A.B. asks: 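Take a look at the following structure, please.
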Amino acid sequence: MALLSELDALGANTREALSRVMDDEDLYVMMLGMFTDALKQDPVLESEFGASDLDPLIRKVHTLKGTAGNLSITPLFEAYTQVLGLLRENNPVEARRVWRAALPTQEKVVACIESAR
């Protein structure tokens with residue numbers, strides 16, 4: 001499947017992800033679509049890094065991290081993990097920098113998934 005090859009080229013480990021879903025490619029692709037839908041419906045906004053209460057952002061990034069990890073979208077999992085750690089350390093400025101740096105990869109992954117839908 002071309003989608004899986006394209007995701008692998010972006011740094012994902014689709015073989016690992018498929019093993020989590022008993023090699024059910026259709027299920028994996030459906031889950032990828034749910035991931036992109038979630039990113040579009042409730043995106044991380046730049047303004048959230050300046051909020052006085054970071055807890056909602058922490059919860060959102062934690063969910064994205066877990067989902068990216070389960071789907072083995074490694075570069076996003078690693079970036080979200082770093083952002084989450086920085087937010088938990090109350091360092092939203094550095095977290096925003098890491099998030100911004102990950103946006104081009106996130107956009108490529110989303111475009112890749114969306115092109116296969």
Side-chain angles (χ1 to χ4, degrees):
M1 176 179 269
L3 170 61
L4 302 184
S5 297
E6 291 172 23
L7 286 172
D8 286 336
L10 292 171
N13 185 342
T14 59
R15 188 175 311 213
E16 178 183 85
L18 283 169
S19 72
R20 287 195 184 99
V21 295
M22 300 185 316
D23 293 318
D24 187 337
E25 285 187 24
D26 291 334
L27 176 59
Y28 181 60
V29 170
M30 181 187 77
M31 292 170 67
L32 289 168
M34 292 169 64
F35 175 66
T36 61
D37 290 346
L39 283 170
K40 288 192 279 186
Q41 291 170 3
D42 192 18
V44 172
L45 303 174
E46 180 120 8
S47 61
E48 292 177 280
F49 289 91
S52 59
D53 180 9
L54 293 174
D55 286 341
L57 179 58
I58 288 170
R59 283 191 297 278
K60 187 184 296 187
V61 174
H62 181 266
T63 299
L64 290 173
K65 176 191 80 86
T67 305
N70 286 331
L71 296 172
S72 296
I73 306 172
T74 308
L76 294 183
F77 172 74
E78 290 172 352
Y80 298 152
T81 298
Q82 191 174 359
V83 169
L84 183 61
L86 290 164
L87 289 171
R88 286 181 172 158
E89 292 170 4
N90 199 29
N91 190 346
V93 172
E94 185 63 14
R96 179 187 292 142
R97 186 195 65 72
V98 174
W99 172 74
R100 282 180 184 157
L103 280 178
T105 301
Q106 179 179 289
E107 290 168 5
K108 288 176 188 171
V109 167
V110 168
C112 177
I113 295 166
E114 290 295 311
S115 71
R117 288 179 108 182

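Since this is a predicted model, take the numbers as computed values, not measurements.
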A.B. asks: What is the minimum heavy-atom distance between Ser115 and Glu6, and which atoms define it?
C.D. replies: OG-OE1, 4.3 Å
A.B. asks: What distance separates Ile113 CD1 from Ile73 CD1, expressed to the nearest 0.5 Å?
C.D. replies: 4.5 Å
A.B. asks: Glu48 and Leu54: which non-hydrogen atoms are nearest, and at how many Å?
C.D. replies: O-CD2, 3.8 Å
A.B. asks: Is it true that, when you exclude Arg15 itself, more than 12 heavy atoms of the residues, nucleotides or ligands shown sit nearer than 6.0 Å to its CZ?
C.D. replies: no
A.B. asks: Between Leu3 and Leu32, is there a side-chain heavy-atom distance shorter than 4.5 Å?
C.D. replies: yes
A.B. asks: Return the minimal non-hydrogen interatomic distance between Ser72 and Arg20, and the atom names on each side.
C.D. replies: OG-NH1, 2.6 Å
A.B. asks: For the backbone of Leu64 and the side chain of Thr67, can you confirm whether one donor and one acceptor N or O come within less than 3.5 Å of each other?
C.D. replies: no
A.B. asks: How long is the straight-line distance from CG of Asp53 back to CD1 of Ile58, given to the nearest 0.5 Å?
C.D. replies: 8.0 Å
A.B. asks: Taking the side chain as C-beta and beyond, is there a heavy-atom pair between Val44 and Leu57 under 4.5 Å?
C.D. replies: yes
A.B. asks: Taking the side chain as every heavy atom from C-beta outward, state whether Arg117 and Asp37 have any pair of such atoms under 4.5 Å apart.
C.D. replies: yes
A.B. asks: Going from CG on Leu18 to CG on Asp24, what distance comes out if it is rounded to the nearest 0.5 angstrom?
C.D. replies: 8.5 Å
A.B. asks: Are Val61 and Leu45 co-members of a hydrophobic cluster defined by side-chain heavy atoms under 4.5 Å apart?
C.D. replies: no
A.B. asks: Got a sec, which residues hit side-chain contact (heavy atoms from CB on, under 4.5 Å) with Thr14, two or more places apart in sequence or on another chain?
C.D. replies: Leu4, Leu7, Asp8, Ala12, Tyr28
A.B. asks: Would you be so kind as to tabulate the donor-acceptor pairs closer than 3.5 Å made by side chains of residues 75-91, with sequence neighbours excluded?
C.D. replies:
unit_1	atom_1	unit_2	atom_2	d
Tyr80	OH	Gln106	OE1	2.5
Thr81	OG1	Phe77	O	2.7
Asn91	OD1	Glu94	N	3.2

A.B. asks: What are the two closest non-hydrogen atoms of Lys40 and Glu114, and how far apart are they?
C.D. replies: NZ-OE1, 3.3 Å
